[in-house]
Amino acid sequence: LERTVLMSIDGVQLRSENGSKHTHINLNGTRLHYADPQNHLYALHRIEGVTLTNGYGSGRSISPTFQHEHGGSLFFIQVHHTVLIKDVIFKAGTVNGVSMGGALAFVRSSGPFFITSCQFHSNVAGSNGGALAVMDGVDVQISDSVFLNNSASGDGGALFATNTFDAKGKRSLVTATSTAFRMNTAVLNGGAVAAEESDAAFIDSVFDTCLAAEGGAFFLARSSLRGTRLTLTGNTAVKSGGGIYSGASTIDMRSTNFTKNAAASGGGLHIVFSDASLHLAGFFENTATTGNGGGVFSSLKTSLQVFDSQFDANTAPTGEGGGIFVDENKILNIERSFITECSAHAGGGVSLSSMSAATISACEFRNCTATGLVGGGGVKSHDVNTVALSCSWFLGNKALLGGGGGVVWDFSTEKMSDESVESPIHVIPCDGRSRTSMFLENEASYGPHLASGGYALIQIGGPSQDTTTSFASADTDF
């Protein structure tokens, strides 16, 4: 079957000659395997106009060379010439056990491989890569394609890329343009895409209604992702990163929207030990269902820089940081961005903790709400040595039960007990305005605009024996 189908037409292509009609090949529990031949006269360069259904890989134990073990419908190994796969439908392919790539797999091949105008429907992997697996230094470029309803029992409901098994250390590179990933699921990580020690670039693509334990759409481990004009909508992670989970990775997102994604923490984006840059990003109605960071969760030596972005109506109803939660970061820099209508138990807009410095410049916090006893409708700061608020506005924010409708700050109990403690909040007005003019119509139980944490017993009713002022602020403005 392999020799007849793959090498009978001119020795170089598997192709339908019937115009828009597809040649349907029911693999009926078998699969096609291709390795670079000794005689390159018979090299396969093109597959076009074919529908491959019901491919099957048995999932036998992986051999040292990985031969014959991956790709439910089609498997390429050690292929070192260009291959074009165009207008091909991969449907209902399956690999069992530890095999990868329910429909298609590329292993230890320089290629490059071009996948264009293809469809991957309802493929299943017993391990990783529900539809497609890319392993060990492979260059794959995908365009104008659709991945729909694929699933993996491991990582990468639609696509899995890895370099884990390559002793030479060359990283796989996956590029996707104008491609849709819809309703893909992974039991573990990356409902649509999982990348380990690989590089990825996605442009003008859509990720919709994908599901995983971590990384509802994307999961990155020791990898890089550059995303341009992406749309991530309605994706869910049971644990972290409804849209994207990044661990020990580098991400650069530009003109990308995260909308109505959800996870226990990091409803839109969850990043740890990573370097992240967001330019012209939009986070809308994302939710951290039980934890922190409705829009973004950033922690553990991460560098997070946000430019010209918008965070609107993101929530962390029982946690902190409706828009952004930051803890133990190396760097936090937010510039020229809007944080509006966000809410959380504490730090309705942004929650900061346990870091040396944070910078927020030319931003607007409007109508954000903290619902709990701590407060910080716009910003909450805990154990941060310096928070620079440069030319940033706080308008109509609320701390319903706590302090600081605009900003609340505190340190550990020991440090707050020191009478010499000073506020870490540095309000730097713009256009010659006063510091207080940057705060308008904010509301709180105490300190409507800017307040320190309580660390005091506050009596709200009945007679008092205390007739003296026990606390006075050295800040003449707030």
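Just so it is clear, the values below take in all heavy atoms, side chains as well, and ignore hydrogens, waters and symmetry mates.
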Might you confirm whether atom CZ of Phe338 has over 12 heavy atoms from other residues, nucleotides or ligands at distances under 6.0 Å? no
Quick check: do Pro112 and Thr82 have side-chain heavy atoms less than 4.5 Å from each other? yes
Can you tell me which residue among Asn150, Leu132, Thr179, Asn184 is in a side chain to side chain contact (heavy atoms under 4.5 Å, CB included) with Leu159? Leu132
Look up atom CH2 in Trp409 and atom NZ in Lys380, then write down how far apart they are to the nearest 0.5 Å. 13.0 Å
Rounded to the nearest 0.5 angstrom, the CG-OG distance for Asp155 and Ser127 is 7.5 Å
If only side-chain N and O atoms count, and only distance matters, is there a donor-acceptor pair under 3.5 Å linking Asp87 with Ser117? no
Which pair of heavy atoms, one from Ser277 and one from Phe307, lies closest together, and at what distance? OG-CE1, 4.2 Å
Could you pull out the closest heavy-atom pair between Ala316 and Gly294, with the gap in Å? CB-N, 4.1 Å
Between Ser224 and Asp199, a side-chain donor and acceptor under 3.5 Å: yes
Does Met355, at its CE atom, have more than 12 non-hydrogen atoms belonging to other residues, nucleotides or ligands within less than 6.0 Å? yes
Decide yes or no for Leu332 and Val384: does some side-chain heavy atom of the first lie under 4.5 Å from some side-chain heavy atom of the second? no
Do any N or O atoms from the side chain of Ser309 and from the backbone of Ala281 form a donor-acceptor pair under 3.5 angstrom? yes
Which heavy atom of Gly242 sits nearest to which heavy atom of Ala263, and what is that distance? N-CB, 3.4 Å
Is the backbone N or O of Ile425 less than 3.5 Å from a side-chain atom of Ser423, with the two atoms forming a donor-acceptor pair by type? yes
Per the disulfide bond (SG atoms under 2.5 Å apart) rule, what does the pair list look like for residues 267-377, sequence neighbours excluded? none
For Gly191, is there any backbone N or O sitting under 3.5 Å from a side-chain donor or acceptor partner on Thr185? no
Separation between CG (Asn149) and OG1 (Thr209), nearest 0.5 Å, reads 11.0 Å
I'd like to know if the side chain of Ser172 and the backbone of Thr162 have a donor-acceptor N/O pair within less than 3.5 Å. yes
Any side-chain heavy-atom pair from His382 and Glu320 closer than 4.5 angstrom? no
Ser73 (side chain) donor-acceptor with Leu104 (main chain) under 3.5 angstrom: no
Any heavy-atom pair between the side chains of Leu352 and Val326 that's under 4.5 Å? yes
Hey, is the main chain of Gly406 close enough, under 3.5 Å, to the side chain of His449 for a donor-acceptor pair? no
Heavy atoms of Val95 and Gly72 approach each other most closely as CG1-N, 3.3 Å
Phe90 vs Ile85, test: side chain to side chain contact (heavy atoms under 4.5 Å, CB included). Steps then yes/no. CA-CA 11 Å; Phe90 295 87; Ile85 301 174; 4.2 Å; yes
Here the gap from Thr175 atom OG1 to Arg226 atom CZ, rounded to the nearest 0.5 Å, amounts to 11.5 Å
Parallel, tilted or perpendicular, judged at 30° and 60°: which one describes the rings of Phe202 and Phe218? perpendicular
Any idea which heavy atoms bring Ser205 and Thr177 closest together, and the distance? OG-C, 3.9 Å
Do you know which of Asp327, Asp383, Asp410 makes side-chain hydrogen bond (donor to acceptor under 3.5 Å, both in side chains) with Ser353? Asp327
When rounded to the nearest 0.5 angstrom, what is the spacing between CG in Leu148 and CZ in Phe181? 12.0 Å
Worked verdict on Met253 versus Leu225 for side chain to side chain contact (heavy atoms under 4.5 Å, CB included): CA-CA 8 Å; Met253 309 301 293; Leu225 170 64; 4.0 Å; yes
Lys/Arg N to Asp/Glu carboxylate O, Glu214 vs Lys239, below 4.0 Å: no
Scan side-chain atoms only and decide if Ser434 and Thr436 contain a donor-acceptor pair under the 3.5 Å cut-off. yes
The single option from Arg254, His279, Arg336 passing side-chain hydrogen bond (donor to acceptor under 3.5 Å, both in side chains) against Asp308: Arg336
Would you mind reporting whether Ile324 and Ile334 have side-chain heavy atoms less than 4.5 Å apart? yes
So with a 6.0 Å cut-off around CD of Gln310, is the heavy-atom count from everything else above 12? yes
Between atom OG of Ser265 and atom OH of Tyr245, what is the distance when rounded to the nearest 0.5 Å? 8.5 Å
Under 3.5 Å, is there a donor-acceptor pair between the side chain of Ser223 and the main chain of Ala195? yes
Run the side chain to side chain contact (heavy atoms under 4.5 Å, CB included) test on Trp393 and Arg366 for me, step by step, so that the C-alpha distance in whole Å, both residues' side-chain angles and the decisive distance to 0.1 Å come before the verdict. CA-CA 8 Å; Trp393 295 84; Arg366 182 187 292 270; over 6 Å; no
Would you check if the side chain of Ser145 reaches a backbone N or O of Ser143 as a donor-acceptor pair within less than 3.5 Å? yes
Side-chain H-bond candidate by donor/acceptor type, Asn333 with Thr359, under 3.5 Å: no
Which of Thr315, Asn235, Asn261, Asp312 passes side-chain hydrogen bond (donor to acceptor under 3.5 Å, both in side chains) with Asn286? Answer is Asn261
Would you name the heavy atoms of Tyr446 and Ala451 that are closest together and state the gap between them? CE1-CB, 3.8 Å
Any non-hydrogen side-chain atom of Phe311 less than 4.5 Å from a side-chain atom of Val296? yes
Is it the case that the side chain of Ser390 and the backbone of Ser361 share a donor-acceptor pair, with hydrogens and angles ignored and the cut-off at 3.5 Å? no
Indicate yes or no: at least one non-hydrogen side-chain atom of Phe258 is less than 4.5 angstrom from one of Asn314. no
Any chance you could lay out the side chain to side chain contact (heavy atoms under 4.5 Å, CB included) test for Leu278 and Leu269, step after step, and finish with the verdict? CA-CA 11 Å; Leu278 308 176; Leu269 172 63; 4.1 Å; yes
Do Asn163 and Arg222 have side chains that get closer than 4.5 Å, going by heavy atoms? no
